[in-house]
4 protein chains.
Amino acid sequence: MTGTTAESGTGATVRDRVLRAATTLFAQKGFEGTSVREIVLAAGVTKGGLYHYFDSKDDLLHEIYTRMLRVQTQRMETIAASDLPLPQRIHAIVVDVVATSIAHLDEAVVFFQSMHLLPEQKVAQVRAERRQYHERVRELVEDGQRAGLFRTDVPADIVVQYHFGAIHRLGQWYHHDGPLSGEQVGHHFANLMLASLLGDFSL
Amino acid sequence: MTGTTAESGTGATVRDRVLRAATTLFAQKGFEGTSVREIVLAAGVTKGGLYHYFDSKDDLLHEIYTRMLRVQTQRMETIAASDLPLPQRIHAIVVDVVATSIAHLDEAVVFFQSMHLLPEQKVAQVRAERRQYHERVRELVEDGQRAGLFRTDVPADIVVQYHFGAIHRLGQWYHHDGPLSGEQVGHHFANLMLASLLGDFSL
Amino acid sequence: MTGTTAESGTGATVRDRVLRAATTLFAQKGFEGTSVREIVLAAGVTKGGLYHYFDSKDDLLHEIYTRMLRVQTQRMETIAASDLPLPQRIHAIVVDVVATSIAHLDEAVVFFQSMHLLPEQKVAQVRAERRQYHERVRELVEDGQRAGLFRTDVPADIVVQYHFGAIHRLGQWYHHDGPLSGEQVGHHFANLMLASLLGDFSL
Amino acid sequence: MTGTTAESGTGATVRDRVLRAATTLFAQKGFEGTSVREIVLAAGVTKGGLYHYFDSKDDLLHEIYTRMLRVQTQRMETIAASDLPLPQRIHAIVVDVVATSIAHLDEAVVFFQSMHLLPEQKVAQVRAERRQYHERVRELVEDGQRAGLFRTDVPADIVVQYHFGAIHRLGQWYHHDGPLSGEQVGHHFANLMLASLLGDFSL
DNA sequence: GATGAATGAGAGTTCATTCAT
DNA sequence: AATGAATGAACTCTCATTCAT
C-alpha cells in the first residue's frame, strides 16, 4: 500500500529513471543492442511500468531526442537573437552547442548513432526540428556573406554541413577524462570555424 | 543444366554478391535492421553459402570496413609521400577522401553508422587502422605548424578530429542527385580546412 | 473466454507441463535428439512460455536432475540414519534407490544418459551432489569393513562404483511390462550386493 | 600423383585416421556434440574424403561399435570354450571384459553413451550382437545354477544385467591415472561377482 | 498505477550431406 | 581417390509487446 514510485530507485519518478537508464544503455550498447528487459532492470521498474509511460521502445529514443533538441534549439535562439556582432554570435553558438553536447554526451551519442533506426514518421519529425536548427545557423552565415564579412566561394549550406558534421561526431572521440573541457573544445571548434569563414584559401 | 552459378545473381562470385547486397542493405536499413535472410535473398544465395564464406554477420561488416580502409589509406599514403608543397598535399588528401567516400557512399554510411556494433576485438583492429590514418594526417598538420605555416593555438589533434568529423558525416546528408559532385564537395571542404589552419581568428 | 490456462494441456502449470513433456521426450529420443519445438508442442505451451520459466534447454535437464537427486538423497539419508543393523540398512537403501529409479524411470534414463551434455559448470554442481550420495554409502561400507562384517580385500570405493554402476544402467533394460516389479528387482540387487560384501571369493 | 593416403596425418590410412579422431572426439564431447567438420579437422582429411569411406556420421559410430563388439565377443568365446572350472571361467571373462574396456576406454564410453542415437535399424543390429554376448554369459550362470554351484533365488537374467550394468559404467569413473590398473579393477569386479553368486544373503 | 506471465514471429547460426570437378 | 563450394532444413534462443489481474 505504501509502495510509491520511488520504491527501488533513487527517488526520481519512474519516468525519469527509465529515461536515464535508457540513455546510458543506448549510448553504451546502441539502441538495437539494448533490450527492454535490460532497461527495466537498470531502472528498477517492471515492463508493465515502462509501457505505462511509454508507447514503445522507439518512443524512448524519440523522447531522448526531443529533450536534447529542445534545449539546444532554445539556447541557440537566445544567442542568435542577441545583439553581439555577427562573428561573435556564431562563435558563441558553436561554443554553446559543443559544450552542451559534451555535458550531455550520452544523449548526443545516442542521437547521432541511432536516429536512423526510428520509423520513417518519427524520424521525419526529428529531422524537421533539426533542419530548423541548421537553417537558422545557415541564415546567420548568409547574413555574414551578404555583409561582406565571410567568404562567398563556399555555399553556406556546405559550411553548415561541414561544421555540424564535426560537432555530431564529438561523441565518437571525446572522453570526460581527457585534457580539454567542453568549453575549451568549443572555443577551438569555433575558432576554426570562423577562421575558415574569414579566410580565402582556395585551390 | 538446372542450376548454373549465375542463376539468380549478376554472374559475380557468391562472395562478391553477398558483400554487395550486404553493403546496400546495411546502408539503407542499418546493420541491426537488416536480417541475414534479407541479405541472402537480395544476393540470390543460400544461408549456407553465405556462411561458407563469412564466419558471421559481423564478419560481413568487418570486411566492408577493411576494404574501404585499405583503399583510402593507400591513396592517402601516396599523396602524403608526393613532393607537393605541404598545404597542397593536405588539400589533395582531403579532396581525395571526400571524393572516394562519396563514390562509395554506401560503404561510408555503413562504416560510420555501425562500427560500434562490432565485438570489441574486431572494433579494436579497425580502430587501429583508422587511427593510423588520422595520425598520419596529424603529423602533416604538425609539420605545417612547426614550419610556421599553420596556426598553433589549436592542437593538431583537435584539428584532425574536427575535419574528419565533418568527413565522417558526409553520408548523412550527401545525395548523388544533388547539385555538387564529390570532387566539388571535396574542394569546398579542403578550402575550408586550409583557411581554418592558415587563419588566426580567436576569441 | 477464448484462451484459458488449460486450453491444450492437462491443467497443470506451464512449468510442470514443460518439465513433464521434456522428461518423457528426453528419455525417448535423447536430450540432443529432442528439439525445443517438440517440447513446447507436447507440453501445449509456446516457446516464449518455456523460456519464461527456464533459461535454456540445458536448464530443463538440470532441473530434472536436481529434482530426482533431491528426492533420492533425502530418502537415503533417512534410511542411513535409522537404527537398523548395518547390513539391513544398506539393503534397504539399495532396494529404495532401485525402486524409486524404476518408479521414475524416465528421469533416471535421462539422468544417466545425458548428464555429460551439460556445460561444465552445471555438471560440476550435479556431480557434487551425486558424489555426496556415493560417499555416504561408501562410509556405510567402510563402517561394515571396520566392524569386521564385510570383506576388506576389495576397496569400498570399488564396491560403490560397482553397485551403483549396475543401478545406473537400470533404464537400459528394465521395462514396466516385464515380470518383475521395481521392489522385486531392488531385492534381487540388494541380495547380490550384500552377498558380494559378505563373501570372500578371490582369485 | 604422389599424394598418398598419408599426406597430412600420422601415416595411417585415411579410414583409420578418421575412426581414431571420431572415437576420441565422441568420447570427449559426445556424438551429437561433435560435428563432421571437427572430425575431418582432427583427422587431417577433407569432408569429401570422409564421405568416400563412410556413408554417414552414424556409420562412424556403428563402425566403432562393431569393432569393439567383435573383439570382446571373440575373446569371451575363447575363454568360455576353455576347460577351466566354471567359476574360474566366469571370473576370467569378467577380468577380460573389464581390462579390454579400460584399454579401449574411449570406445567403451562412446558405446554406452551414444548407442541410443543411432537409427532404429542400426541400433537393432548392434543390440542383437550385444544380446548374444549377454546370453552366452547367462548360459554360463545357468549352467552353474543347475550344477548347484550358484544360488538360484536370483534369476540368471538379473545377475547378468546387474554385473554388466556395472561394467558398462566403467567409462564414467575410471581414469587412467588412478591407482588401479584395468586388470586390478577386473579382478575386484570378478571377485565381487562370484561372491554374489556363491553367497546366499537374502532378506 | 503497476504487475509479470504469456505470446509467436523471427533472429543468427550450424549441420550433415551432395556433387561437379 | 579426393576436393570444397553449396545446400536448405533445423536448430536454440530473444525480442517488443499485450493483457488479465
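A note on names: the letters A, B, ... follow the listed sequences, proteins ahead of strands, and every chain is numbered from 1. Side-chain atoms are counted along with the backbone in the values below, which use heavy atoms only and exclude waters and symmetry mates. Computed from a predicted structure; not experimentally measured.
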Let me check something: any side-chain donor-acceptor pairs from residues 114-127 of chain B under 3.5 Å, sequence neighbours excluded? List them with distances.
from     : atom 1 : to       : atom 2 : distance (Å)
B/His116 : ND1    : B/Gln113 : O      : 3.4
B/His116 : NE2    : A/Gln113 : OE1    : 3.4

Using every non-hydrogen atom in the two residues, find where B/Ile64 and B/Glu107 come nearest and quote the distance to one decimal.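 Minimum heavy-atom separation between B/Ile64 and B/Glu107: CG2-CG, 3.8 Å.
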Which heavy atom in C/Leu50 sits nearest to a heavy atom in C/Val40, and how many Å separate them?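 What the structure gives for the nearest pair is CD1-CG1, 3.7 Å.
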Nearest whole Å is fine: how far is [N] [atom2] from [X] [atom1]?
X        : N      : atom1 : atom2 : result
D/Asp16  : F/dA1  : CG    : P     : 16 Å
C/Leu50  : F/dC15 : CG    : P     : 16 Å
A/Arg15  : E/dA2  : CZ    : P     : 13 Å
B/Leu41  : F/dT7  : CG    : P     : 13 Å
A/Leu25  : F/dC15 : CG    : P     : 13 Å
C/Leu117 : F/dC11 : CG    : P     : 16 Å
B/Tyr53  : F/dG4  : OH    : P     : 12 Å
B/Lys29  : E/dA11 : NZ    : C1'   : 13 Å

Does OP1 or OP2 of F/dA1 have a side-chain N or O of D/His52 closer than 4.0 Å?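 Affirmative; the distance criterion is met.
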Drop me the distance from [X]'s [atom1] to [Y]'s [atom2], to the nearest 0.5 angstrom.
X       : Y        : atom1 : atom2 : answer
B/Lys57 : B/Tyr51  : NZ    : OH    : 8.5 Å
C/Glu63 : C/Asp58  : CD    : CG    : 13.0 Å
D/Arg37 : D/Ile39  : CZ    : CD1   : 12.0 Å
B/Met68 : B/Thr66  : CE    : OG1   : 12.0 Å
A/Tyr65 : A/Phe111 : OH    : CZ    : 7.0 Å

Using Watson-Crick pairs (N1 to N3, plus N6-O4 or O6-N4) and G-U wobble pairs, both distances under 3.5 Å, which stems of at least 3 pairs involve DNA chain E?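 The stems that DNA chain E takes part in, listed by first number, are E:2-21 with F:2-21.
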How far does the P atom of F/dT21 sit from the matching atom of E/dG1, given to the nearest Å?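 That atom pair is separated by 22 Å.
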Expected string for nucleotides 13-21 of chain E under the B/S/- scheme (protein heavy atoms, under 4.0 Å, primed atoms plus P, OP1, OP2 as sugar-phosphate) is BBSSBB---
One thing to verify: whether B/Arg67 and B/Asp16 come together as a salt bridge, which I'm taking to mean a side-chain N less than 4.0 angstrom from a carboxylate O.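 Judged by the 4.0 Å cut-off on N to carboxylate O distance, B/Asp16 and B/Arg67 do form a salt bridge.
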